2 protein chains.
Amino acid sequence: MATIRDVAKLAGVSVATVSRVINKNGYVHETTKQSVEAAISQLNYRPNEIARTLYKKNSKLIGLIIPDITNPFFTELARAIEDTAHHYGYTVVLCNTDEILEKEKHYIEVLQQRQADGCIMIINEKVTHSNLQQDFPIVALDRPIHAEIPFIHADHYQGGQLAAQILLRKGSKHLVHIRGPKYLDSAEARYQGFLDIVKKESVSYHILESSFQPSNDERLINDLFDRFPETDGIFAANDVIAVSALKTALRRGIAVPEELQIMGYDGILFGQLFYPSISTIAQPIYQLGEKATKILLQWIETKTCDPLVSCLPVEWIERDTTRKELLDEQHSNNR
Amino acid sequence: MATIRDVAKLAGVSVATVSRVINKNGYVHETTKQSVEAAISQLNYRPNEIARTLYKKNSKLIGLIIPDITNPFFTELARAIEDTAHHYGYTVVLCNTDEILEKEKHYIEVLQQRQADGCIMIINEKVTHSNLQQDFPIVALDRPIHAEIPFIHADHYQGGQLAAQILLRKGSKHLVHIRGPKYLDSAEARYQGFLDIVKKESVSYHILESSFQPSNDERLINDLFDRFPETDGIFAANDVIAVSALKTALRRGIAVPEELQIMGYDGILFGQLFYPSISTIAQPIYQLGEKATKILLQWIETKTCDPLVSCLPVEWIERDTTRKELLDEQHSNNR
DNA sequence: CGGTTTCATGTAACCGGTTACATAAGGAAA
DNA sequence: TTTCCTTATGTAACCGGTTACATGAAACCG
């Protein structure tokens, strides 16, 4: 591996001159520049980023700390983040935590030791500031960390409302919401949105809580059909749960969407592969990842951090687990 | 951020002594050691990995170059790789290439400039050795790169055979194989395995080629049912295609598995969420990623690279898109 | 024509670690 | 007592870049 000194020797100049050529700064005579470039290509020289990082203190490396890359929602976020980072010349380090606090702490430390320029985190535990090195840019994605840490998320309250409204307008009369765990603010917001609508419309409803384990979910949902056979609309906290609901319903011979409507949440790409395909409240997943990355990079490069909280709107994607007919306003308001 | 010199000053020793304490090598008096450790914890000192890397020339960083993290097969590999790397104290950089040669080359260069210790690659283009720096450890996963680059893969020929055998033994008489693209050796091997069985059993079959785009696949499969309505067994090149086949069949009112059996390939976790769930020839995805990582790390740390090719067996996972009854040997051999 | 800019390049310190080598004290062996 | 080994620690070079500063030549200017 050739070094800058090899290049300098071959070109018959000093290392400073070579550095000037590489970085296009300072004065370099055209002739000198050419001979340096010739030496560079002759030696197939590539500057050592590590040495550069050591002096300049920026590594163009960012961390991505997520619970589990295997969860399709996170996968799609990761894809967006890597795309965006790459576009701006940054490299991303992948860190799976399984939501284990120890691993989260460990990775933060590793990233800082490696002089990462910042990181994007999806974690539950509210990391205390003391754990974090001063001035280490972090943005929280999907889940808030701390009031002073920028946070990008989708409007889950609106999503919960939307889900309930659509199920009702399309004729469901006995709703069930399978909510996510209480420690997730996003699950709480979806639940609140749902609740506010069903209460306003004073429609019958039940709330169940998912463990986010497909096999457990199927048991939960079977149970649901036994206990509340009149259920004709399910709002699932995410698409994977919606899929379990769909599977369980079909297995019991319940017609979807005729007898039972199912609304998923997240809008993962997979949802469209099912039969019937999963109607869902879609988060703008790619944009969430993109925005988080842009905010992080802006923070890194300009030391400023504009919006402390960004909330992106959700969108209903109509597919086949909800009915096509829309009841007219009057009718649905009658109840 | 405290440096080793700050620690040395606070502890009243030289940097060499501090370094010895940190790395537990050389002689250090117990008393000295304690005062150094006190200084370290007082300053909350963490050694700078960049400086260390610069001198030692190992970064404990490995690259993962894959087409698209969004593809569940690659996602699961990535998870296994990150787990294993982390277990051995390595950090992984995520690189999505979309199978674009330029991006592949770019990432190899980036990784080398960052002094990555090696990388795991899933690429099609046979990268010439000249593109690669001397002594940069690379292992090829799922797709071969070069005779001298270690290669870890599953036994796709066996997988193709197994798929055909099972479909036949479970009573299908008119098989279709939706194969993957020709440039993929793994698709070719699955195809050959399938072919050798159907030819030996002289059963009627057709071959189609998927573009790996779910929407195109649905068109392709609709077409298939129009042209070959007698089809009663589909072997899909991967689980996602199998899912498209299932969806298309159900939409046309074809009973699965009674009228049509579907065999997927890969064994991604998602396959079990469908109704009916996808029977599949499962690759040992986690073990593939784990093995690739272990071989890479062994190469990095011992400079030796034991097996140049590792082939892991595949396994049939019986789920619901294949029939439960097994025809007896005699019967199925009769044809 | 002397003084000031601009251009061009080199020298050496610096980033924050690691380690080869030097030095010295204490104990054991001869 | 001399020699040698083990223990303990410090000094400074090194890794491969960047850049502050110094130097000198050419161009410009009144």
Side-chain angles (χ1 to χ4, degrees), chain A residues 1-40 43-61 109-117 133 135, chain B residues 1-37 39-40 43-61 89 109-117 133 135:
Chain A
M1 192 64 169
T3 74
I4 197 170
R5 286 163 229 269
D6 299 329
V7 175
K9 191 176 291 176
L10 182 60
V13 298
S14 74
V15 293
T17 301
V18 177
S19 179
R20 288 187 194 103
V21 171
I22 296 168
N23 298 298
K24 303 188 204 309
N25 58 22
Y27 292 110
V28 181
H29 193 88
E30 181 59 29
T31 325
T32 316
K33 186 181 159 202
Q34 281 169 15
S35 70
V36 168
E37 280 167 350
I40 287 176
L43 293 171
N44 192 27
Y45 168 74
R46 293 283 170 275
N48 180 324
E49 276 304 322
I50 295 293
R52 200 174 253 181
T53 298
L54 182 59
Y55 188 90
K56 308 245 285 189
K57 287 159 174 350
N58 60 20
S59 59
K60 296 249 169 189
L61 200 73
E109 201 145 285
V110 167
L111 289 171
Q112 293 185 154
Q113 286 190 42
R114 285 185 184 283
Q115 304 266 90
D117 292 339
Q133 194 181 303
D135 303 327
Chain B
M1 191 65 169
T3 72
I4 197 169
R5 285 163 229 268
D6 299 329
V7 175
K9 191 177 291 176
L10 182 60
V13 299
S14 73
V15 292
T17 302
V18 177
S19 180
R20 287 185 194 106
V21 171
I22 297 168
N23 299 297
K24 303 188 204 307
N25 57 23
Y27 293 110
V28 180
H29 193 89
E30 182 58 30
T31 325
T32 316
K33 186 181 159 203
Q34 281 170 16
S35 70
V36 168
E37 280 167 350
I40 287 176
L43 293 172
N44 193 28
Y45 167 75
R46 294 283 171 273
N48 180 324
E49 277 303 322
I50 294 294
R52 201 173 252 182
T53 298
L54 182 59
Y55 188 90
K56 308 245 285 188
K57 288 160 174 349
N58 60 21
S59 59
K60 296 248 170 190
L61 200 73
E109 202 145 283
V110 166
L111 289 171
Q112 293 184 154
Q113 286 189 44
R114 284 185 185 282
Q115 305 265 91
D117 292 338
Q133 195 181 303
D135 304 325

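In what follows, chains carry the letters A, B, and so on, assigned in the order in which the sequence lines appear, proteins first and then strands, with residues in each chain numbered from 1. Values below: every heavy atom of this structure, side chains too, minus hydrogens, waters and symmetry copies. Everything numeric here is computed off the predicted structure, so don't read it as measured data.
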When you match B/L54 and B/S14 each to their closest nucleotide on DNA chain D, which lands nearer the 5' end?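 Result: B/S14.
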
Here's a test of your reading of the structure: between A/T3 and B/V15, which maps to the more 5' nucleotide of DNA chain D?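 Of the two residues, B/V15 wins.
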
Specify the closest pair of heavy atoms between [X] and [Y], including all atoms of both residues, with the distance to one decimal.
X      : Y      : answer
A/I22  : A/Y45  : CD1-CE2, 3.5 Å
B/V7   : B/I40  : CG1-CG1, 3.7 Å
B/R114 : A/S59  : NH1-O, 2.7 Å
A/K57  : A/D117 : O-OD1, 4.3 Å
B/I50  : B/N48  : N-OD1, 2.7 Å
B/V15  : B/R5   : CG1-CG, 3.4 Å

Using the C1' atoms of the five pairs at each end, what is the angle between the end axes of the helix from C/dC1-D/dG30 to C/dA30-D/dT1, to 10°?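 Rounded to the nearest 10 degrees, the bend comes out at 50°.
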
Does B/Y55 make a side-chain N or O approach to OP1 or OP2 of C/dA20 shorter than 4.0 Å?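 B/Y55 to C/dA20 OP1/OP2: no side-chain N or O under 4.0 Å.
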
Is there a side-chain contact between A/K57 and the phosphate of C/dG16, meaning an N or O under 4.0 Å from OP1 or OP2?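 It does, given that an N or O in the side chain of A/K57 lies less than 4.0 Å from OP1 or OP2 of C/dG16.
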
Given atom [atom1] of [X] and atom [atom2] of [N], what is their separation to the nearest angstrom?
X     : N      : atom1 : atom2 : value
B/D6  : C/dG17 : CG    : C1'   : 13 Å
B/N48 : D/dC15 : CG    : P     : 18 Å
A/Q34 : C/dA8  : CD    : P     : 13 Å
A/R46 : D/dG16 : CZ    : P     : 17 Å
A/L43 : D/dG16 : CG    : P     : 14 Å
A/K33 : C/dA8  : NZ    : P     : 12 Å
B/R5  : C/dC15 : CZ    : P     : 8 Å
B/K56 : C/dT19 : NZ    : C1'   : 10 Å

Under the criterion side chain to side chain contact (heavy atoms under 4.5 Å, CB included), I'd like the reasoning laid out for B/R46 against A/Q112: C-alpha separation, chi angles, the key distance, then a yes or no. CA-CA 9 Å; B/R46 294 283 171 273; A/Q112 293 185 154; over 6 Å; no

Does anything in residues 17-30 of chain A come within less than 4.0 Å of DNA chain C? Heavy atoms only, and list the residues if so.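 Here the set is A/T17, A/R20, A/Y27, A/V28, A/H29.
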
Using only heavy-atom distances, decide whether a donor-acceptor pair under 3.5 angstrom links the side-chain of A/R52 to the base of D/dG16.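 No pair found.
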
Please step through side chain to side chain contact (heavy atoms under 4.5 Å, CB included) for the pair B/N23 and B/R52, ending with a clear verdict. CA-CA 11 Å; B/N23 299 297; B/R52 201 173 252 182; 3.3 Å; yes

With heavy atoms under 4.0 Å as the rule, sort A/T32 into base, sugar-phosphate or nothing.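 Sugar-phosphate, backbone atoms only, no base.
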
Could you go through A/Q115 and B/E49, starting from their C-alpha distance and side-chain angles, then the distance that decides it, and tell me whether this counts as side chain to side chain contact (heavy atoms under 4.5 Å, CB included)? CA-CA 8 Å; A/Q115 304 266 90; B/E49 277 303 322; over 6 Å; no

